[in-house]
Amino acid sequence: MEPMSSSNPDSRSLGAVEVEGFQTSVNEISAKVNTLEKRVNEVEHYYLRKGSLQPTTSKEKDRDKHFNTIKKQQQDAARREAAAAKRMRDLLNKFSAIFKQIAQHKWSWPFMSPVDVESLGLHDYYQVIEKPMDLGTVQSKMETGGYKSVREIYADVRLVFKNAIKYNDDKDDVHVMAQTLLEKLEEKWLQLLPKVVEEEKRQADEEAQAQVDMKHAEEVAYASMAKDLSSELFEIDKYLKDLKKVVVQKCRKMSFDDKRRLGTALTQLSPEDLSKALDIVAQDNPEFQATAQEVDLDIDTQSDYTLWRLKVFVKDALKVKAQAAAQIPEAMGGNKVATSKRNREPSDAVAKPAVKRTKKISTM
């Protein structure tokens, strides 16, 4: 909508209250447009990342159906997570039984607490062992939920004995004790391993499905947002057109001199702008043949709404044209002066021949 000003003769007949009301409407629309612009940018960014500028037709048609399934997918995901947590607890309980057997073994005592490096004089221990570990630390971590999977617990228990085997000589008692407990651990672990692998595969499949469901839900959400934005933008466009009509209806009637000056200004438009001006006439007058090779435009028969729209458009178009002419480099010297001079000559003598090449117009 074109800005309004109380000093503008096109709106001077408007009351101050009406002008303020129109301005408030424009401000509200501007704020809403800014909000919509951010949402449009968000949707556009999503589809650019996705490699498509718009939702697929099939997904738009099935959007309502997809919305009904999203809630079910979320419920299914919650059930899957609960079931997975229960299966994990079962595996943890099974491994806890294995751990208990190892921890209660008569040879487990050297491994129940961290190695006392200082009291034992093991000055090179940390040079040989990169990651110290003991069964007491593993048990505390298990009790506090510090492990995400059974395989992590197994790895730490195994590390306890591997460290002892690595640091101590193979004839040392600690080495022999660690080797024995490690063999028992591996034996029990191999019995549990098929269930661990089955659960890991199941979790991987469920996570992959969850990713698919999440992307699907995201697509539906953005498709819905795109549809809503389209509807809202259409409503705003319709509201602005209605508001513009109201404003024009409040404006004074265009005088004979105004119409004459408008007719003269139309002949000064470029062929492209002239076509746009005729399209404005056609929008309010469907019978008007704007695309004909020769057009007879009767200014007197046009509605005030069309005339004021034309006036605003022509004014802006000629302003742009004048600014473009003013930007011609001074280096053109005399040619620029001559061109400017020709542009100031009567429109019937200059502008009409230029228009005639693409569209002939006569103002009746």
Task: Which atom of D273 lies closest to which atom of F313, heavy atoms considered - done: O-CE2, 3.3 Å

Open item on the list: One thing to verify: whether D205 and K201 come together as a salt bridge, which I'm taking to mean a side-chain N less than 4.0 angstrom from a carboxylate O.
Closed with: yes

TODO: Quick one: closest heavy-atom pair of F95 and Y154, and the distance?
DONE: CZ-CA, 3.5 Å

Task: Greater than 12 external heavy atoms within 6.0 Å of Q323's CD - done: yes

Task: Nearest heavy atoms of I102 and S108, plus distance in Å - done: O-CB, 3.2 Å

TODO: Run the numbers on E198 and R202 for salt bridge (charged side-chain N to carboxylate O under 4.0 Å, His left out), then give the verdict.
DONE: CA-CA 6 Å; E198 179 184 357; R202 189 168 183 173; 5.4 Å; no

TODO: Please determine, by modelled atom types, if E199 and Q203 share a side-chain donor-acceptor pair under 3.5 angstrom.
DONE: yes

TODO: Decide if atom CD of E143 counts as having more than 12 heavy atoms of other residues, nucleotides or ligands within a radius under 6.0 Å.
DONE: yes

- [ ] Inspect the surroundings of CD in E118 and state if more than 12 heavy atoms from other residues, nucleotides or ligands are less than 6.0 Å away.
- [x] no

Open item on the list: Between the side chains of K259 and D298, is the shortest nitrogen-to-carboxylate-oxygen separation below 4.0 Å, so that they form an ion pair?
Closed with: no

- [ ] Nearest 0.5 Å please: distance from the CD atom of Q302 over to the CG atom of L297.
- [x] 5.5 Å

TODO: Search all heavy atoms of M142 against all heavy atoms of I153 and return the closest pair with its distance.
DONE: SD-CG2, 3.7 Å

Task: Distance (rounded to the nearest 0.5 Å) between K184 NZ and H105 NE2 - done: 4.5 Å

- [ ] Heavy atoms only: give me the nearest A164-F111 pair and the separation to one decimal.
- [x] CB-CE2, 3.6 Å

Task: Heavy-atom pair with the smallest gap, counting every atom of N168 and H175 - done: O-ND1, 2.9 Å

